[in-house]
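In what follows, a single structure is set out as structure tokens and then discussed.
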Amino acid sequence: QVQLVESGGGLVQPGGSLTLSCAASGFTLEYYAIGWFRQAPGKEREGVSCISSTDGSIYYTDSVKGRFTISRDNAKNTVYLQMNSLKPEDTAIYYCAAHGGNCYSRGIYSYEYTYWGQGTQVTVSS
């Protein structure tokens with residue numbers, strides 16, 4: 001069955017780093033755009049980053065630019081989100097999601113994504 005599984009979340013202090021993984025099964029991740037989303041308590045889900053399937057486009061929401069890096073390892077059918085210089089406001093459940101297309105500069109929108117993982121908790125606190 002089609003599945004995405006996030007891992008790598010945890011508790012870190014402000015300024016610390018985490019790498020999240022999104023492993024796909026039941027489909028070939030290489031042919032999908034992969035987005036990372038996050039949702040904090042009382043907040044709306046927001047798109048964090050996206051990496052395209054074919055056109056090479058990568059996008060980040062403004063609040064994480066310069067701190068987060070998205071990447072693919074097609075041999076492992078996995079997408080990563082390297083998170084550096086973490087801030088308390090980065091605390092959220094992080095989800096990966098896939099859709100059959102590319103990423104677009106207009107934004108990273110939940111409704112465009114077909115497959116979703118269950119999420120992994122990231123907590124940034126001293």
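As a basis for the values below, the full set of heavy atoms in this structure was taken, side chains included, without hydrogen atoms, waters or symmetry mates.
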With a 4.5 Å limit on heavy-atom distance, are the side chains of E6 and L20 in contact? no
One should read off an interatomic distance between E30 CD and D73 CG, to the nearest 0.5 angstrom, of 10.5 Å
Are L18 and I34 in one and the same hydrophobic cluster, where Ile, Leu, Val, Met, Phe, Trp and Tyr link if side-chain heavy atoms are under 4.5 Å apart? yes
Measure centre to centre between the rings of F68 and Y60, then say whether the value is under 6.0 Å. no
Sole candidate of D90, T91, I93 that passes side-chain contact (heavy atoms from CB on, under 4.5 Å) when paired with R38: D90
How would you list, by chain and number, every residue that makes a side chain to side chain contact (heavy atoms under 4.5 Å, CB included) with A97, sequence neighbours excluded? F37, Y113, W116
Could you tell me the separation between the NZ atom of K76 and the OG atom of S21, rounded to the nearest 0.5 Å? 8.5 Å
Among the clusters formed by ILVMFWY side chains lying less than 4.5 Å apart, do V5 and Y32 turn up in the same one? no
Begin with the C-alpha distance, continue with both residues' side-chain angles, and end with the deciding distance and a verdict on side-chain contact (heavy atoms from CB on, under 4.5 Å) for L29 and T78. CA-CA 7 Å; L29 187 149; T78 299; 5.7 Å; no
Y109: hydrophobic cluster co-members (side-chain, 4.5 Å): Y111
d(E46 CD, Q39 CD) to nearest 0.5 Å is 9.5 Å
Point-to-point distance, once rounded to the nearest 0.5 Å, from OG of S125 to CG of L11: 6.5 Å
With a 4.5 Å cut-off on side-chain heavy-atom distances among I, L, V, M, F, W and Y, is there a chain of contacts connecting Y31 to V79? yes
With sequence neighbours left out, what residues match T19 under side-chain hydrogen bond (donor to acceptor under 3.5 Å, both in side chains)? Q82
side-chain hydrogen bond (donor to acceptor under 3.5 Å, both in side chains) between N77 and S25, worked out: CA-CA 8 Å; N77 214 26; S25 61; over 6 Å; no
Does one hydrophobic cluster hold both V122 and Y95, with members joined at side-chain heavy-atom distances below 4.5 Å? no
Looking only at non-hydrogen atoms, find the nearest pair between A40 and A92 and report the distance. N-CB, 3.8 Å
Measure the CD1-CZ distance between I108 and R45 for me, rounded to the nearest 0.5 Å. 13.5 Å
Go through the steps to decide whether S49 and L81 satisfy the test side-chain contact (heavy atoms from CB on, under 4.5 Å), and finish with yes or no. CA-CA 8 Å; S49 185; L81 186 68; 4.2 Å; yes
In the structure I gave you, are the side-chain heavy atoms of Y104 and S57 within less than 4.5 Å of one another anywhere? no
State, yes or no, whether a side-chain contact exists between F27 and L4 at a heavy-atom distance under 4.5 Å. yes
For E89, I'd like to know if atom CD has over 12 heavy atoms of other residues, nucleotides or ligands within 6.0 Å. yes
Using 0.5 Å steps for rounding, measure from the CD1 atom of I70 to the SG atom of C96. 9.5 Å
Testing the basics here: between S126 and P14, what is the closest heavy-atom pair and its distance to 0.1 Å? N-CD, 3.7 Å
State, with a plain yes or no, whether a side-chain heavy atom of R72 is found less than 4.5 Å away from one of S53. yes
